[in-house]
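These notes concern the structure reproduced below.
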Protein chains: 2
Amino acid sequence: MTQLLLVEDDATIVRTLTVTLGAHGYRVEAVGAGSEAIERARSGQDEVLLVDLGLPDIDGIDVVRAVRMTSTVPILVLSARDGRDAKVAALDAGADDYVTKPFDMSELLARLRAALRRARPAAAASVVRAGDLVIDRQARRVERAGRLVHLSPTEWNLLDVLVRTPGSLVTQREILREVWGPQYFDETNYLRVYVAQLRRKLEDRPSQPRHLLTDPGVGYRFEP
Amino acid sequence: MTQLLLVEDDATIVRTLTVTLGAHGYRVEAVGAGSEAIERARSGQDEVLLVDLGLPDIDGIDVVRAVRMTSTVPILVLSARDGRDAKVAALDAGADDYVTKPFDMSELLARLRAALRRARPAAAASVVRAGDLVIDRQARRVERAGRLVHLSPTEWNLLDVLVRTPGSLVTQREILREVWGPQYFDETNYLRVYVAQLRRKLEDRPSQPRHLLTDPGVGYRFEP
DNA sequence: GGGAATCTTGACGTCTCCTTGACGCCGCGC
DNA sequence: GCGCGGCGTCAAGGAGACGTCAAGATTCCC
């Protein structure tokens, strides 16, 4: 269920969208005035905003601008105006997308998915936790017990391959191909050396690893 | 200057867009085939992709999907097809936006701005503290132990790029692009010189830095 | 036009990282 | 009991990246 705030004063459109979006996994909350919308957006309970430009009190573009002052929530603007200037103004005010009425519902849904897809990883970043380890793939950062751990490029690439699929086995061949290149497929020496280095840096007792596990003869896995 | 990869096989459109986008602050690199695009996107040197759907070798949607496997770079799809299905397919494959040809240039520019605004790291707090350092990004002001530290323009720009995402690694390429411009991507000399200058001004023991850290062969990070 | 600040460039010593080989341990099959 | 293969560990060497310094070159401001 995705919480969506609809800012729209036309009761017919509100009804249509509430039903249709509701059928596609959205919980729709509707407000009719821009001032209400700004206040409610501040509470941060909505994951995405759908803003109509034709509001009774405030211009929709000002709503977008006001919300953007305090929030990075995705905003889609709906409008009957197909004018170039309105689009540019809305997008530059901070809107993420602009859909012209009459709009196609499957397109609107696709654009909502796209906006949410972008917004979500940013909020719940691609961070993997395991015991006292924090691995932030985006920031290329590894912490152990709150302290930054320095990894060499190869060490990081190896860890990244394993962490990408937590808990599941990655074959030696696959690791070698990803980290060193396809022609290194039989250099299992490298794996032994670098896995050992990672364990020394990341495990409490490198000789009895809890996170970087060996499947003898097959490959390695990262266990959270 | 923003580095943009244009994936388009029609030479006329390439020429038009290169000129027009170039006049608006984009450095346009064009490739005509999808396979080229996928390979080049992997290098991570482009800040945004503009993909045409009608390519000679691979379907543009597959290009989008392939790039999305390895990258979160913003992708705008250009297409002559106005069909609902094509839009939905492209957006669900990972495109950030879909613009129908013939498109209005000012709208395309606005959509590019919107996509880039989202992609750029959510501006960290305007004031960042680390030890006895106080860095006010908005005021362009740096204090160390309560005393104002003077930075040259380049020194400031470099520090700003690193402080914008505290704790996360910034690649050499990215720093050079942001501070000196895309064509300086291999002038790592500059980095060494300016990082050293910053350390001399900001670190207690420049030879054992605590905040401006090196990841040899990869980049630098600001550690609070 | 002159001086100061800033940027660019090159050289050199130092350090990190990747690679490689040797050795010991363990489990398994003979 | 013994040999064998796979794994973990260690350390050395060389290539390349980095830190440092200082001398031009350039820009900017007065």
Side-chain angles (χ1 to χ4, degrees), chain A residues 140 142 148-162 169-173 175-181 183-222, chain B residues 140 142 148-162 169-181 183-223:
Chain A
R140 208 181 167 112
V142 180
L148 178 67
V149 178
H150 175 78
L151 299 185
S152 79
T154 306
E155 288 165 359
W156 170 262
N157 289 338
L158 169 58
L159 180 64
D160 192 46
V161 169
L162 295 176
L169 176 81
V170 187
T171 63
Q172 297 181 345
R173 224 197 169 84
I175 301 173
L176 288 165
R177 182 169 51 80
E178 292 263 349
V179 177
W180 281 271
Q183 64 274 33
Y184 290 77
F185 69 96
D186 60 349
E187 293 282 354
T188 54
N189 260 325
Y190 293 0
L191 282 183
R192 290 206 290 283
V193 171
Y194 275 91
V195 168
Q197 283 178 7
L198 278 181
R199 283 181 181 147
R200 209 174 312 135
K201 291 185 176 182
L202 304 181
E203 298 274 5
D204 288 330
R205 271 171 308 176
S207 55
Q208 288 143 46
R210 295 176 50 204
H211 302 301
L212 293 168
L213 307 183
T214 307
D215 275 47
V218 191
Y220 294 86
R221 77 177 68 225
F222 177 83
Chain B
R140 278 204 166 221
V142 181
L148 179 65
V149 178
H150 174 77
L151 299 184
S152 79
T154 305
E155 287 166 359
W156 172 262
N157 289 338
L158 170 58
L159 180 64
D160 192 50
V161 169
L162 295 175
L169 183 98
V170 188
T171 63
Q172 298 179 345
R173 219 190 179 102
E174 199 174 332
I175 301 172
L176 288 164
R177 191 185 60 211
E178 295 260 351
V179 177
W180 281 272
Q183 63 274 32
Y184 289 78
F185 68 96
D186 60 348
E187 293 282 355
T188 55
N189 260 326
Y190 293 1
L191 282 183
R192 292 207 289 281
V193 171
Y194 276 90
V195 168
Q197 284 177 8
L198 278 180
R199 283 181 181 146
R200 212 173 310 135
K201 292 184 177 182
L202 304 180
E203 297 274 5
D204 288 331
R205 271 172 309 176
S207 55
Q208 287 143 48
R210 295 176 51 205
H211 303 302
L212 293 168
L213 306 183
T214 308
D215 272 48
V218 190
Y220 293 86
R221 78 175 75 219
F222 177 83
E223 182 70 16

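Residue numbering restarts at 1 for every chain, and letters A, B, ... go by the order of the sequence lines. Note that the structure is predicted; figures quoted are calculated from it, not measured.
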Heavy atoms from C-beta onward define the side chain here; which of [options] lies closest to that of [X]?
| X | options | answer |
| --- | --- | --- |
| B:P216 | C:dC7, C:dG10, C:dC17 | C:dC17 |
| A:S152 | C:dT9, D:dC7, C:dC18 | C:dC18 |
| B:Y190 | C:dC7, C:dT8, D:dC7 | C:dT8 |
| B:P153 | D:dT9, C:dT6, D:dG19 | C:dT6 |
| B:R199 | C:dT6, C:dT19, D:dG19 | D:dG19 |
| B:T154 | C:dC7, D:dC18, C:dG10 | C:dC7 |

Give one of base, sugar-phosphate or nothing for [X], where a contact means two heavy atoms less than 4.0 Å apart.
| X | value |
| --- | --- |
| A:W156 | nothing |
| A:Q172 | sugar-phosphate |
| A:T214 | sugar-phosphate |
| A:V195 | nothing |
| B:Y184 | nothing |

Considering heavy-atom distances to DNA chain D, does A:R200 or A:G217 have its closest nucleotide positioned more toward the 5' end? A:G217
Considering only heavy atoms from C-beta outward, does the side chain of A:V170 approach that of A:R221 to under 4.5 Å?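 Result no, sub-4.5 Å side-chain heavy-atom pair not found.
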Please tell me which of B:Q197 and A:Y194 maps to the more 5' nucleotide of DNA chain C, matching each residue to the nucleotide holding its nearest heavy atom.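 Nearest-nucleotide comparison on DNA chain C picks B:Q197.
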For B:D215 and B:R192, find the nucleotide of DNA chain C closest to each by heavy atoms; which residue's nucleotide sits nearer the 5' end? B:R192
